Amino acid sequence: MREDAYMVFCHKVKQLIGIDLTAYKDRQMKRRLGTFMLRLGVNDYLELAELIEKDREALDKFRNFLTINVSEFFRNAEQFEILKEKILPTFIDSNKSLRIWSAGCSDGSEPYTLVIILEELGVKNYELLASDIDFEILQRAKMGVYKQDSLRNVPPALLGKYFLKGEDELYQFLPSYTKKVKFFQHDLLKDRYERNLDLILCRNVVIYFTEEAKTRVFTKMSESLRQEGVLFVGGTESILAPKKLGLQTVYPFFYRKTGEPEIVAL
Ligand SMILES: C[S@@+](CC[C@H](N)C(=O)[O-])C[C@H]1O[C@@H](n2cnc3c(N)ncnc32)[C@H](O)[C@@H]1O
């Protein structure tokens, strides 16, 4: 009965906000939903389905809750150091424009970190795409306004160069740099992927997906990379059998495309 109720709930969520909960880890999702229901004083999945269908505010709360948006500039700074010192210089030699995609970009901290790094490396030609499933967080990302705690890893000299300090301890990422990023809404589980990319960042996103969904996403990302392109994943999202996806580990959390995926992602 409980399982049926959960499937009815998943169906309702798909209908209302287009998110496929069955592609997210079951136990983890149910535990989180339990916390959410407790917070709202809701007793079971069917009651929650009814509430989010009728109450717009509850639906918004639910969407925000689902799409955990935690992010910060230079998240896991040592990995961005590898990106800057070891990975990007291998691309910059070629004269053509770099194509980069930050997938699951949340509030923009990640793609803007890339802007800082590319500018600091003196890269002139780059196309920087950034996407997220969550429309509201993308609006915030476009504004580029951050609290100080998102910026704790930004070296002071770069803080002064790329941000304007406003009131209430808020920092504005300079508009001349925000416009370097093209933001768009994209669901990794159902939308079409871009092609011919040099670098993809997909960090702290698939952590919530089932193994099957995670493999599907990474396979599609491999297909999206050009040969020798690089996929940069999060600290808990290592790929166990990269070769099967046409990838080769170059540093922990960095995979270079050297072949083609053995499986076809649908
Ligand atoms: C924890 S944030 C990661 C932000 C950034 N990549 C980082 O590492 O700091 C996870 C983001 O993944 C997004 N997300 C969750 N499911 C997604 C999906 N199916 N397609 C695209 N984005 C998704 C969420 O909306 C959220 O903004």
Side-chain angles (χ1 to χ4, degrees), residues 10 13-14 16-26 28-29 32-33 36 59-83 100-117 128-144 146-147 149-154 173 181-194 199-221 224 230-238 252-254 265-266:
C10 290
V13 172
K14 183 101 191 259
L16 290 172
I17 54 175
I19 297 180
D20 180 9
L21 289 191
T22 62
Y24 291 73
K25 283 181 192 151
D26 220 40
Q28 210 172 316
M29 181 55 74
R32 295 190 54 232
L33 285 170
F36 184 72
L59 181 66
D60 286 345
K61 267 193 197 150
F62 178 66
R63 191 192 289 105
N64 285 342
F65 162 82
L66 264 192
T67 52
I68 316 165
N69 297 128
V70 180
S71 192
E72 64 177 322
F73 280 75
F74 292 91
R75 184 172 189 175
N76 303 113
E78 64 294 349
Q79 291 166 20
F80 276 102
E81 198 56 27
I82 293 178
L83 180 70
I100 301 176
W101 177 28
S102 162
C105 67
S106 186
D107 65 1
S109 306
E110 183 175 280
Y112 292 148
T113 297
L114 282 167
V115 170
I116 296 177
I117 292 175
L128 187 38
L129 308 169
S131 65
D132 202 282
I133 195 172
D134 183 346
F135 180 76
E136 279 171 29
I137 203 72
L138 287 170
Q139 304 316 306
R140 274 191 23 215
K142 285 178 196 166
M143 281 163 51
Y146 298 92
K147 292 194 185 134
D149 51 356
S150 300
L151 306 171
R152 64 194 172 112
N153 290 335
V154 182
F173 193 61
V181 181
K182 287 185 201 154
F183 288 100
F184 62 104
Q185 193 174 20
H186 181 274
D187 182 347
L188 289 165
L189 296 167
K190 69 166 198 240
D191 292 330
R192 199 185 65 81
Y193 284 33
E194 290 282 330
L199 173 68
I200 301 177
L201 283 81
C202 183
R203 308 176 67 234
N204 309 299
V205 182
V206 300
I207 186 175
Y208 311 111
F209 294 179
T210 60
E211 278 308 307
E212 192 252 324
K214 184 173 151 180
T215 305
R216 192 154 30 103
V217 165
F218 284 151
T219 304
K220 285 169 99 176
M221 290 192 165
S224 288
V230 168
L231 172 62
F232 176 14
V233 303
T236 56
E237 296 166 320
S238 297
F253 318 115
F254 291 90
L266 298 173

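Atoms within each ligand, like the ligands themselves, are counted from 1 in listed order. Bear in mind that the values here come from a model prediction, so they are computed numbers and not experimental data.
- Here Ile19 has no heavy atoms under 4.0 Å from ligand 1, in either its backbone or its side chain.
- Residue Asn204 touches ligand 1 through backbone and side chain together, judged by heavy-atom distances below 4.0 Å.
- When non-hydrogen atoms are compared, ligand 1 lies under 4.0 Å from the backbone of Arg203 as well as from its side chain.
- Considering backbone and side-chain atoms alike, Ala103 places every N or O at 3.5 Å or more from each N or O of ligand 1.
- Relative orientation of the Tyr112 and Phe73 rings is parallel, given thresholds of 30° and 60° on the angle between their planes.
- Distances below 4.0 Å separate heavy atoms of Asp134 from the following atoms of ligand 1: 25 (O).
- Using a distance-only test at 3.5 Å, with no hydrogens or angles considered, no donor-acceptor pair links the side chain of Ser150 to the main chain of Glu72.
- Atom 26 (C) of ligand 1 has its closest protein heavy atom at Ile68 O, 3.2 Å.
- Interface of Ser106 with ligand 1, defined as ligand atoms under 4.0 Å from a residue heavy atom, comprises 4 (C), 27 (O).
- Within the listing of ligand 1, atoms 18 (C), 19 (N), 20 (N), 21 (C) sit less than 4.0 angstrom from a heavy atom of Leu188.
- Relative ring orientation between Phe254 and Phe232 is described as parallel, the plane-to-plane angle staying below 30° on a 0-90° scale split at 30° and 60°.
- Of the candidates Ile133, Asp187, Asp191, Ile133 brings a heavy atom nearest to atom 23 (C) of ligand 1.
- By the 4.0 Å N-to-carboxylate-O rule, Asp60 lies close enough to Arg63 to be salt-bridged with it.
- With a heavy-atom cut-off of 4.0 Å, Phe209 touches ligand 1 through its side chain alone.
- Taking the ring centre of Phe80 as origin, the terminal cationic atom of Arg75 falls outside the region bounded by 6.0 Å and 45° from the ring axis.
- Judged by distance alone, with hydrogens and angles left aside, the side-chain atoms of Asp107 form no donor-acceptor pair with the main-chain N or O of Ala141 at under 3.5 Å.
- Scanning the protein for heavy atoms near atom 7 (C) of ligand 1, the closest one is Arg75 NH1, 3.3 Å.
- Every N/O-N/O distance between Tyr208 and ligand 1 stays at or above 3.5 Å.
- Atom 1 (C) of ligand 1 has as its closest protein heavy atom Val70 O, 3.2 Å.
- Using a cutoff of 4.0 Å between basic side-chain nitrogens and carboxylate oxygens, Arg216 and Glu212 are scored as salt-bridged.
- The protein atom (non-hydrogen) at minimum distance from atom 11 (C) of ligand 1 is Asp132 OD2, 3.7 Å.
- Looking only at protein heavy atoms, the nearest one to atom 12 (O) of ligand 1 is Val205 CG1, 3.6 Å.
- Nearest protein heavy-atom contact of atom 9 (O) of ligand 1 is Ser71 OG, 2.6 Å.
- In the vicinity of His186, heavy-atom distances shorter than 4.0 Å reach the ligand 1 atoms 20 (N), 21 (C).
- With values rounded to the nearest 0.5 angstrom, Leu199 atom CG is found 8.5 Å from Leu231 atom CG.
- Ring planes of Phe184 and Trp101: parallel class, angle under 30° (limits at 30 and 60°).
- The nearest protein atom to atom 4 (C) of ligand 1, hydrogens excluded, is given as Gly104 O, 3.3 Å; this is a heavy-atom distance.
- Contact annotation: for Tyr24 versus ligand 1, heavy atoms closer than 4.0 Å belong to the side chain alone.
- Taking every heavy atom of Glu110 and a limit of under 4.0 angstrom, the matching atoms of ligand 1 come to 5 (C), 6 (N), 7 (C), 8 (O).
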Yes or no on side chain to side chain donor-acceptor pair (under 3.5 Å) for Glu110 and Ser102, after CA distance, side-chain angles and deciding distance? CA-CA 7 Å; Glu110 183 175 280; Ser102 162; 2.8 Å; yes
